[in-house]
Structures are given as C-alpha cells and as structure tokens.
Amino acid sequence: MIDLSAAPTLDRLLPMLCETAMDIHLDVYLVGGVIRDLLLRRSTVDFDFAVEGDAIEFTRELAARHGGTLTMHPTFRTATWSYQELEIDFATARTETYPEPAMLPVVTPASIDLDLYRRDFTINALALRLNEPRQLIDLYGGQEDLRSGIIRVLHDHSFIDDPTRLFRAVRFEQRLNFHIEPHTFSLIAPALPYVSRLSGERLRYEFELIFSEDEPEKSLHRLHDLGLLTYLDSGLIFDETLYNAFRSYRLLAADQQYAQNSWHIKTNSAINIGWALLGSRTRDPEQMARRLMLDRTATLAVHGGQRIAKLLDKVASAQKPSEVDALLNDLPTEVLVAGSVLASGDTRAKVTAYATTWRYVTPLLSGKDFTNWGLSPGPLFGKLLRGLRTARLDGQISSLEQEREFVQRVIAQMAADDATGEDA
Ligand code: CTP
C-alpha cells in the first residue's frame with residue numbers, strides 16, 4: 001500500500017477529506033502524478049484530487065467545515081481550496097473527447113475509471129480512493145510499469161489527441177530513468193506531424209517544464225533524437241556544446257549562494273536561461289519567438305542568446321576588461337549566464353568576470369564632486385565618468401586619490417588641447 005510518511009501534508013489532509021466525502025456520499029480520489037511519486041518514494045508537492053460527482057459541491061462542504069477560501073470554475077467543474085498554507089485542486093472526474101487532434105478536449109463528468117482512462121500514461125493513471133476502505137486503483141497496470149520503469153500510453157490515439165504527451169513522455173522517461181516501451185515508441189513517429197497543430201502557448205509550456213527539470217539536457221537530447229526539436233525551428237542545432245551548456249548551468253545553479261549572490265540569478269531564471277541557450281542555436285530567433293508566443297523577456301532571451309553566441313569569438317580576443325564590457329554591456333543576466341556556459345576556458349572566465357564583477361564597477365567620484373569643483377554639468381561629466389570607469393576596469397586606477405588625479409589629467413589635457421586649438 002501507499003506510504004504517506006513522505007508526504008506529511010497528505011497525512012494531515014486525507015482524514016478531513018475522507019470524512020467529508022463519506023458524510024456527503026461522494027467518492028474522492030487522490031490522482032495522477034502524486035500517486036506515481038509516492039509509489040516511487042519521490043518527493044511530491046502537487047496534489048490533485050478527483051471527485052466522482054461534483055468537485056464544487058465537495059469543496060464547498062470542505063470550506064464550510066474547515067474554513068479556507070474557494071476559487072471555483074463552474075465551466076470546468078473544478079475548484080481550488082486555499083486552506084492554511086495550501087492550495088489544493090479538486091476536479092470533477094471526467095472523460096475527454098478531442099474534437100480534433102491537438103485541440104483542447106471537450107470534457108464530460110464521468111466515473112473515475114473513465115477519468116483514469118483519459119490520462120497520458122499508465123504510471124499517471126493511478127488513483128487512491130480516500131473513502132474507507134481506502135484503496136489503490138490501478139486499472140491499466142501502472143504499478144507494474146512503475147516497477148519495470150516503463151512509459152506506456154493507454155491507447156493508440158493518445159499522442160495524436162494530445163501531442164504535448166510526446167514531450168511529456170520524454171520528460172518522464174528522462175526524469176525517472178525509465179524507457180518508452182516499444183509499442184508506445186512506435187506511436188511517436190505517426191504523431192509527429194500533429195505537433196505543428198499545437199498552439200504556441202501549449203508548446204512553450206512543455207519547454208518551460210523541461211527547462212525546470214533537474215537535468216533538462218537529457219530531455220532535450222532525447223527530443224532532438226526523436227525529431228521533436230525541429231518543431232521549434234527546423235534548423236535548431238542541438239550539439240554537444242549546447243548539451244554541456246545546460247549541464248554547466250545546472251552545476252552553477254546548484255551552488256545557490258554563488259548563483260544568487262555573485263550572478264544575481266533569480267530562482268525562476270532557469271526558463272529564460274533555457275530560452276537564451278536554445279536561442280544561441282536557432283536559425284531564426286524571430287520565428288522561434290513567434291511560434292512559441294514568447295513574452296517580452298523570453299523573446300529578449302532568445303535574441304540575446306543568439307547575439308552572445310556570435311560575440312564569444314570577440315570576447316575571446318578582447319585584451320582588456322573594458323573591451324569585454326563594451327561587447328556585453330547591454331545584455332541581461334540570463335543571457336550572460338548562457339554566454340558563460342556556452343563558452344569555455346579563458347572566454348568563459350571573461351564572461352563570468354564581466355557578469356559577476358566588472359559590470360558592477362563604478363567610479364567613486366560622481367557628477368556632484370565635479371560640480372563641487374566648479375565644473376558645469378554637461379557632456380564632459382559623461383566623458384569623465386566613462387573614462388574613470390574604463391580606467392578602473394582595466395586596473396589603471398583603484399583609489400579615490402588616483403581618480404582625482406585622473407580627472408585633473410583629463411581636464412589639463414583638454415585645456416592644453418583647447419589652447420593648441422586656439423593658437424592654431
Ligand atoms: N495529464 C494527462 N495528459 C496531459 C497532461 C496531464 O493525462 N497532457 C494527466 C496525468 O494523469 C497527470 C495529471 O494529469 O499525472 C496531472 O498533470 P501534471 O500536473 O502536468 O502532471 P504530473 O504527473 O503531476 O507531473 P509533474 O510531476 O511534472 O508535475
């Protein structure tokens with residue numbers, strides 16, 4: 001039976017749900033990936049419940065008994081119950097029919113058996129009935145497939161109905177170190193043409209999920225082998241450098257202190273770094289952004305990835321920090337991360353130094369100091385500040401005193417130049 005000790009939240013929650021379900025004569029089930037993860041003893045954070053009957057009626061009763069707030073979606077007969085620190089989704093058990101391949105399905109309330117049959121893979125078509133006697137429902141051999149490490153669809157039309165499942169199959173396969181069983185594998189090639197019918201939003205979401213995996217490079221590599229990456233861009237090159245770049249990024253991000261404090265990488269940066277890395281290898285960033293309906297930041301990441309990949313040779317031959325600064329100065333953090341992990345050796349060291357240190361270099365003196373010295377604000381201030389920064393970057397000056405001397409020298413030089421100009 002299922003061991004809930006790995007999920008203390010569930011241990012606390014299930015008796016409440018069970019009691020309510022029994023009292024109002026509804027059957028409630030914990031369903032989907034959470035059962036898979038509990039059986040595999042993997043940590044799990046998302047809990048999905050299915051209610052035979054009406055999820056909204058059930059959650060109303062829960063909220064009436066235990067408090068918390070409800071967000072209801074009457075069209076889909078689903079509800080989210082916000083209770084203490086939790087947000088829990090309840091869906092009415094349903095069957096789905098696809099009016100056309102790759103379109104969103106039409107849903108109709110149904111029994112749990114049909115609800116499980118509409119799902120993607122046997123390992124995700126497991127349910128735990130909460131009503132007493134508690135019972136694991138495994139109609140399609142999910143437990144056996146979990147034991148054998150197999151990804152198996154429930155019916156032959158599954159990938160065509162919902163081509164996002166091609167990406168999901170690869171993601172679960174790589175995440176769990178499973179393999180796609182031969183018959184399921186044979187259904188992939190006939191479903192490939194349907195990927196182009198997916199909306200940009202749905203396709204994009206699959207990649208965002210992949211970028212958020214622990215080892216995205218493994219899924220991307222497999223997608224590449226299966227010909228699925230061409231749906232982003234027919235010329236996308238998934239080479240060893242890109243594979244290693246995803247890996248290097250993962251290692252960098254694993255040191256959270258370094259990633260946050262030195263790189264200023266935010267916790268949700270993985271997705272835009274993923275876009276920047278794919279952008280570095282796309283033939284047409286514009287087309288990729290349009291196909292996937294990327295938002296502004298992700299679009300900038302794709303374009304930035306493309307740009308920094310082309311700049312790496314110049315970075316390699318740059319002699320001074322200020323030259324690197326001039327090449328990289330308008331690129332966002334995510335793109336700099338991508339550039340660094342795409343590069344190697346000395347070039348990586350330069351991009352890293354720029355991203356973590358050089359770009360934050362500023363002179364100690366400011367325009368206020370120049371005004372205090374009697375200079376009038378104008379283009380000269382910009383020139384002095386830029387000059388100070390360049391000199392600091394390249395290690396020519398490092399103290400306040402040296403900055404003052406630098407400014408005096410520049411002003412003296414300008415005065416001399418003016419005098420020469422007047423004389424002439
Ligand atoms: N599902 C499906 N087909 C899809 C998406 C989802 O059948 N295209 C079903 C699966 O049963 C899945 C459940 O809906 O387990 C919940 O979906 P999701 O939260 O995306 O999947 P999880 O299995 O929870 O995966 P993850 O561990 O990545 O969150």
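Each ligand, and each atom within it, is numbered from 1 in the order the structure gives. Nothing here was measured: the structure is a model prediction, and the numbers come from that model.
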Counting both backbone and side chain atoms, is some N or O of D46 under 3.5 Å from an N or O of ligand 1?
no
Before accepting this row, confirm whether a basic side-chain N of the pair E96/R94 lies closer than 4.0 Å to the acidic partner's carboxylate O.
yes
The protein heavy atom nearest to atom 19 (O) of ligand 1 is D48 OD2, 4.2 Å
Determine whether any heavy atom of F121 lies closer than 4.0 Å to an atom of ligand 1.
no
Find the distance between CG (L70) and OG (S82) and round it off to the nearest 0.5 Å.
8.0 Å
Whether the side chain of S158 engages the backbone of L154 through a donor-acceptor N/O pair (distance < 3.5 Å, no angle test) should be reported.
no
Does D115 pair with R119 as a salt bridge, N-O distance under 4.0 Å?
yes
Would you kindly specify which portion of T164 sits under 4.0 Å from ligand 1, judged on non-hydrogen atoms: side chain, backbone, both or neither?
side chain
Contact atoms of ligand 1, heavy-atom distance to R171 under 4.0 Å:
28 (O)
Among non-hydrogen protein atoms, atom 10 (C) of ligand 1 lies closest to D120 OD1, 3.4 Å
Should R152 and D145 count as an ion pair when the cut-off is N to O under 4.0 Å?
yes
Apply salt bridge (charged side-chain N to carboxylate O under 4.0 Å, His left out) to the pair R60 and E57, showing each step before the final yes or no.
CA-CA 5 Å; R60 274 209 183 105; E57 182 192 339; over 6 Å; no
May I ask you to check whether F172 has an N/O atom sitting below 3.5 Å from an N/O atom of ligand 1?
no
For the residue pair W275 and F207, categorise the inter-ring angle as parallel (less than 30°), tilted (30 to 60°) or perpendicular (more than 60°).
tilted
May I ask which of R168, R119, R36 has a heavy atom nearer to atom 1 (N) of ligand 1 than the others do?
R168
Classify the contact between T44 and ligand 1 as side chain, backbone, both or neither, using a heavy-atom distance cut-off of under 4.0 Å.
neither
Identify, by atom number and element, the atoms of ligand 1 in contact range of G32, meaning under 4.0 Å from any of its heavy atoms.
15 (O)
Nearest-contact summary for atom 15 (O) of ligand 1 - protein heavy atom, Å:
G33 N, 3.1 Å
Salt-bridge contact R247-E215 (side-chain N to carboxylate O under 4.0 Å)
no
Just to be sure I read this right, does ligand 1 sit under 4.0 Å from the backbone of N124, its side chain, both, or neither, counting only heavy atoms?
both
Let me know which of R359, K320, R389, R392 forms a salt bridge (charged side-chain N to carboxylate O under 4.0 Å, His left out) with D325.
R389
Considering non-hydrogen atoms of the protein only, which is the closest contact for atom 8 (N) of ligand 1, and what is the distance?
D162 OD2, 2.7 Å
Before signing off on this row, confirm whether E213 and ligand 1 have an N or O atom pair separated by under 3.5 Å.
no
Is the shortest side-chain N to carboxylate O distance from R41 to D3 below 4.0 Å?
yes
Could you see which bit of R202 sits under 4.0 Å from ligand 1, with heavy atoms only: side chain, backbone, both or neither?
neither
Could you check atom 26 (P) of ligand 1 against the protein and tell me its nearest heavy-atom contact, residue, atom and distance included?
R175 NH2, 3.7 Å
